[in-house]
Amino acid sequence: MNENTKRLEPVPFDAFAEHLGPKHETVKDTEYILSDGTMLTSMPDIPWLYQSAEHLVTGEAAIPKVYTPVYAGASDLQPSAFDEIGPLAQLSRITAETVPMGLPGFGQRQEPGFVLDSGYVLLNSERTPDGGYKAGAGMDGMYMMTGQVFQPLQDENGRIVAFMAQTPEREKQIVHQGYAIIDRMQAGAVEFVLGENPRAPQPYVTWRHTIGDAPTDFYWGHYFGSYHKAKADLKTRAKEYIQMNNEEKPTSVRAQLAQMQQEQKQASPNPARVQEER
């Protein structure tokens, strides 16, 4: 826990009813209620982590966030408090614990690191002084650095279970048309951002932004009522942009060799088939 971490104590189980009030029917899956009205449920696919609901126990809108439990003693069965880690939108799950490097068929190798469901790759060899991971993005074993940094989230045994995108200092206060920028993916000369405004009819949006332009010069907005749909659109827009620009670039010598090798394999006669024809 650092000096900026927000730590909250849970409401005792025997006091749940008085805090739930009229919202009792809509929060039946809640496992913990914190002292500020935040409702928590455990994340089934990421042991040790908890996520908060899209509203407080009072019904007031809230930004979903990630929390980790704090135990007063090693033998305690129930946490004495929860630490707020950051917005759920900045959480990335691990899909692989090695990263493919190099073109397939040309000595592609696996390097120690992580592949994230957000489309980023992290190498153990690319770290920041504070323990963060420098993120790369790309495809087919070829990546470029994005400037994004992820901090690892560890369970009680020190095992990395997920990653949280680290928001650079310059981005923390960026708000555009009432939407706070909570995520972004760089794709070459442009980046795509995800904004959130809990009070808007459509609380999530993805915009395009050209690197080097004014920090809030966003355009081509896609609006959504669901965070998960907006997150999927963010990934899709970045990947499609990368693919489009790769197709427009002249084919590299290495790629040409790979294509020639594939064509030769396809043109080579099948020995068994030749024998049958004879």
For G221 and V205 the tightest heavy-atom approach is CA-CG2, 4.2 Å

field: Distance-only side-chain donor-acceptor flag, S42 / E31, under 3.5 Å
entry: yes

Residue pairs meeting salt bridge (charged side-chain N to carboxylate O under 4.0 Å, His left out), one or both in residues 235-244, sequence neighbours left out, come to none

Sorted by chain and residue number, the salt bridge (charged side-chain N to carboxylate O under 4.0 Å, His left out) partners of D155 (sequence neighbours excluded) come out as R159

**OP:** Could you check if a side-chain atom of Y120 sits within less than 4.5 angstrom of a side-chain atom of Q148, using non-hydrogen atoms only?
**Re:** yes

E54 CD: over 12 foreign heavy atoms closer than 6.0 Å: no

In short, salt bridge (charged side-chain N to carboxylate O under 4.0 Å, His left out) pairs touching residues 34-47 with sequence neighbours left out are K6-D36, D45-R93

Ignoring hydrogens and angles, write down the donor-acceptor pairs under 3.5 Å from the side chains of residues 103-113, residues two or more places apart or on other chains.
from	atom 1	to	atom 2	distance (Å)
Q108	NE2	G102	O	2.7
R109	NE	E111	OE2	2.8
Q110	OE1	T98	OG1	3.0

Applying salt bridge (charged side-chain N to carboxylate O under 4.0 Å, His left out) to K65 and not counting sequence neighbours gives E84

With sequence neighbours left out, the residues meeting side-chain hydrogen bond (donor to acceptor under 3.5 Å, both in side chains) with T68 are none

Notebook entry, point to check: Distance-only, no hydrogens or angles: does the T216 side chain make a donor-acceptor pair with backbone N or O of H176 under 3.5 Å?
Noted result: no

Applying side-chain contact (heavy atoms from CB on, under 4.5 Å) to A200 and not counting sequence neighbours gives Y179, N197

Contacts of P198 meeting side-chain contact (heavy atoms from CB on, under 4.5 Å) (sequence neighbours excluded), chain-then-number -> A61, I63, E196

Self-check item: Note, F163 side chain near Y133 side chain (heavy atom, < 4.5 Å)
Solution: yes

Residues pairing under side-chain hydrogen bond (donor to acceptor under 3.5 Å, both in side chains) where one sits in residues 220-230, two or more places apart or in two chains, turn out to be H222-D233

To the nearest 0.5 Å, atom OH of Y219 lies from atom CG of D213 at 7.0 Å

Under a side-chain separation threshold of 4.5 Å, the hydrophobic residues clustered together with Y71 are M43, I46, W48, L49, V66, I85, L88, L91, L153, V161, M164

Taken in chain and number order and not counting sequence neighbours, the residues that satisfy side-chain hydrogen bond (donor to acceptor under 3.5 Å, both in side chains) with H209 are E191

Residue pairs meeting salt bridge (charged side-chain N to carboxylate O under 4.0 Å, His left out), one or both in residues 123-137, sequence neighbours left out, come to none

Any side-chain heavy-atom pair of T38 and Y67 under 4.5 Å: yes

Q.
Distance alone, cut at 3.5 Å: any donor-acceptor contact between the side chains of Q78 and Y32?
A. yes

